[in-house]
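None of the values given here were measured: they were computed from a predicted structure. Letters A, B, ... mirror the listed sequences (proteins, then strands); counts begin at 1.
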Amino acid sequence: MADEVLIRVEKRYPSGGGIRGELTIPGGGPSVTVVFGPSGAGKTTLLRCIAGLERPERGLIRFGHEVWLDTETGRWVPPQGRRVGFVFQDDVLFPHRTVWGNVAYGLRSMPWAEQAQRVAEMLRLLDLEALADRYPRTLSGGQRRRVALARALAPAPRLLLLDEPLAALDAPARREVQRLIRQVLAHTRIPAVLVTHDRDEVLAMGDRMAVVLDGEVVQVGTVEEVWSRPASPAVAQALGIENLWSGRVVGRDGDLVAVAVGDRRLWALPPEDLQDTGDVWVVVHPRDVVLEKGTLPGFEADLRVSARNRLAGRVVGFVPEEHVLRVWLDCGFRLSAVITYQAREAMDLREGDAVMAIIKAPAVRLIPHGAPERP
Amino acid sequence: MDWTAIGVSLRLAFWTTVILLILGTPLAYWLTFGRGRGRFLVEAVVALPLVLPPTVLGFYILMATGPKSPIGRLYEALTGRLLPFSFQGLLVASVLYSLPFAVQPLVTAFRGIDRRLLEAAWCLGSGPLTTFFRVVVPLAAPGFWTAIVLSFAHTVGEFGVVLMVGGNLPGVTRTVSIAIYDEVQALNYAAAGQTALALLVFSFVVLVAVYSLRRDVWALWPMKS
């Protein structure tokens with residue numbers, strides 16, 4: 001593809017820590033690659049290598065046909081020559097410049113009139129028009145984050161790098177900034193790399209993800225691929241192995257929404273920012289799944305039971321875990337449930353048995369993803 | 001009152017300050033952000049005038065710039081003149097003598113700047129020089145003001161080095177402090193008193209003006225306003 005980004009780096013700090021691994025970012029359109037991993041795993045270092053703020057000992061970074069870094073030939077393009085937008089973890093706004101001055105910083109080579117127009121456009125896009133003359137120290141966390149975004153986007157970067165863009169914000173600001181980021185990325189069509197340690201953020205923002213553990217990129221793929229087929233137990237543990245399916249909101253009934261997953265339908269309590277149609281991730285914790293043995297397809301409504309969701313399936317495998325047993329079912333999609341050993345004993349549950357998986361609607365978590373329509 | 005001597009002092013202080021800003025800024029920048037080794041050595045050299053008696057410094061500068069030294073010979077070859085006992089010689093001595101007073105406030109100011117602000121500027125396309133003038137200078141402004149005030153004041157007040165290097169040529173190297181010393185030696189207390197008072201008033205007015213305009217300039221040590 002046109003501007004595919006290839007990143008292969010190895011960077012070690014003398015004091016320990018660093019990053020090693022390979023990652024590609026598809027070009028030719030908006031895509032969000034989320035770099036996910038626990039704190040201190042090396043995610044930020046990876047981002048800084050892409051921006052040119054760190055110089056890896058070994059590696060190759062290629063943006064389309066441009067080589068930004070090649071330690072074999074000694075080629076290195078400084079950050080000024082890469083035209084990437086970087087949104088730092090705690091914003092790092094210029095304290096001596098107003099909001100307007102911060103956003104205009106990267107536009108110096110433009111004629112004045114064009115510069116003013118571009119800044120105005122950015123302020124409008126990030127809803128900052130009323131704050132143009134304010135200094136960063138007078139802004140709230142969410143406002144500062146928006147200024148940082150506007151500043152990074154103003155020079156029309158070819159790649160946007162976001163380091164924990166939702167960290168250190170309170171819940172309303174988080175929702176607001178998250179919505180804006182999604183909206184802005186869809187609007188500008190700039191591919192982005194986003195670093196986070198928050199699983200919900202991966203689901204809400206990511207198209208593709210790279211898992212970083214202990215200084216190493218251990219798995220790269222679409223969010224669904226990585227979640228449904230973790231490359232190693234360590235990845236699975238980092239992700240907190242839950243049931244994750246891609247679904248679509250198809251209807252509403254009172255407080256509940258209906259979500260289609262494959263050819264099944266699940267009822268869930270919708271989150272605040274859910275729209276009436278659109279793609280969602282459906283997350284169900286395996287501990288919230290109750291199994292009922294011997295129920296055959298067709299008996300999917302049981303008026304004596306309060307749980308709203310009953311999925312008929314078959315047992316396809318068991319994975320013993322500490323104190324509990326993980327049961328894998330095939331319900332048209334893979335579903336895992338966690339039960340006790342006593343329960344399995346009592347039910348005499350075996351591979352191939354027909355079971356009904358019962359899930360309460362409040363236990364079905366929906367996370368909207370993909371770009372929302374512009375208001 | 002010795003207006004000629006006051007003129008020499010002000011001229012000397014002005015040019016010393018200008019040269020110190022030009023030399024001291026890159027030096028302070030390197031001491032703060034540079035990656036080179038041996039920074040501690042340079043720091044020690046820069047701080048030397050703080051602890052050396054002015055006569056010792058003056059003596060070495062006199063030796064180093066004399067007609068028998070390589071520097072002295074080079075200067076003579078270039079200009080046809082000698083450095084010692086000239087205004088230019090005095091300027092060289094003053095620059096070295098006041099170096100720590102320019103460099104240290106600048107280093108302190110540069111150290112207070114979040115390095116990531118520079119990185120943010122780089123990512124927005126600013127080269128090192130642009131970044132310096134658009135980010136570092138505005139943020140280090142109090143440090144620059146302090147460096148200017150201290151270099152100027154310290155040069156106006158120097159005595160020992162001037163005496164060693166400059167001698168006492170009226171209108172050339174005879175500064176205010178030397179003039180006052182001379183008058184006292186000649187028991188002309190009235191003349192000495194006038195000049196001393198003029199210097200006192202001038203210094204006080206300058207400092208008051210600067211501190212009233214900028215609350216973030218520190219006198220001798222970093223101070224939060």
Side-chain angles (χ1 to χ4, degrees), chain A residues 14 44-45 47-55 68 77-98 101-110 115 118-119 122 135-137 144 147-163, chain B residues 21 25-26 28-30 32-40 105-148 210 213-218 222-225:
Chain A
T44 298
T45 307
L47 215 55
R48 290 173 58 85
C49 287
I50 302 174
L53 297 172
E54 296 289 347
R55 224 170 154 152
W68 284 351
V77 177
Q80 292 90 347
R82 299 194 181 188
R83 281 185 47 212
V84 298
F86 201 111
V87 176
F88 289 82
Q89 191 169 354
D90 31 17
D91 308 322
V92 199
L93 300 177
F94 299 121
H96 59 297
R97 292 177 152 254
T98 59
N102 267 280
V103 178
Y105 187 92
L107 305 173
R108 211 165 66 106
S109 53
M110 271 186 192
Q115 211 179 97
R118 180 76 181 154
V119 175
M122 285 299 121
Y135 281 89
R137 65 174 178 278
R144 277 202 299 273
V147 177
L149 264 169
R151 181 179 70 174
L153 286 167
R158 299 182 288 183
L159 182 66
L160 187 66
L161 307 173
L162 303 143
D163 193 359
Chain B
L21 279 184
T25 304
Y29 192 86
W30 178 73
T32 312
F33 298 111
R35 292 188 192 280
R37 284 157 189 247
R39 234 174 310 171
F40 63 97
L106 289 178
V107 167
T108 310
F110 291 167
R111 283 208 181 127
I113 296 174
D114 186 346
R115 209 189 140 78
R116 288 173 318 154
L117 285 168
L118 310 190
E119 296 179 339
W122 298 341
C123 288
L124 291 164
S126 275
L129 209 61
T130 316
T131 306
F132 179 76
F133 283 110
R134 298 185 79 202
V135 179
V136 177
V137 171
L139 290 176
F144 277 99
W145 281 107
T146 307
I148 289 170
V210 169
L213 285 175
R214 306 229 22 149
R215 293 302 307 142
D216 45 7
V217 178
W218 4 289
M223 195 162 59
K224 281 267 179 238
S225 54

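Taking chain B as the reference chain and counting heavy-atom pairs below 4.5 Å, the highest number among A:Ala152, A:Pro155, A:Gly85, A:Pro79 is found for A:Pro79.
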Donor-acceptor pairs under 3.5 Å, chain B versus chain A:
residue	atom	partner	partner atom	Å
B:Arg116	NH1	A:Asp90	OD1	2.8
B:Arg116	NH2	A:Asp90	OD1	3.1
B:Glu119	OE1	A:Arg48	NH1	2.8
B:Glu119	OE2	A:Arg48	NH2	2.7
B:Ser126	O	A:Gln80	NE2	2.7
B:Ser126	OG	A:Tyr105	OH	2.8
B:Arg134	O	A:His96	NE2	2.9
B:Arg134	NH1	A:Tyr105	O	3.1

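The distance from the CG atom of A:Leu162 to the CG atom of A:Leu47 is 8.0 Å, given to the nearest 0.5 Å. Distance check, rounded to the nearest 0.5 Å: CZ of B:Phe144 to CG of B:Leu21 gives 7.0 Å. Here the CG atom belonging to A:Leu107 is positioned 5.0 Å from the CE atom belonging to A:Met110, to the nearest 0.5 angstrom. How far OH of B:Tyr29 is from CG of B:Leu106: 13.0 Å, rounded to the nearest 0.5 Å. Atoms CZ and CZ, from B:Phe132 and B:Phe110 in turn, are 4.5 Å apart once rounded to the nearest 0.5 Å.
Residue A:Phe88 touches chain B through its side chain alone, counting heavy-atom pairs closer than 4.5 Å. A:Leu93 touches chain B through its backbone: at least one of N, CA, C or O sits under 4.5 Å from a heavy atom, while the side chain does not.
A:Val87 is not listed as a side-chain neighbour of A:Leu161, based on a closest heavy-atom distance of 4.5 Å or more.
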task = Please assess A:Phe86 against B:Leu124 for the test side-chain contact (heavy atoms from CB on, under 4.5 Å), listing each intermediate value before the final yes or no.
result = CA-CA 8 Å; A:Phe86 201 111; B:Leu124 291 164; over 6 Å; no
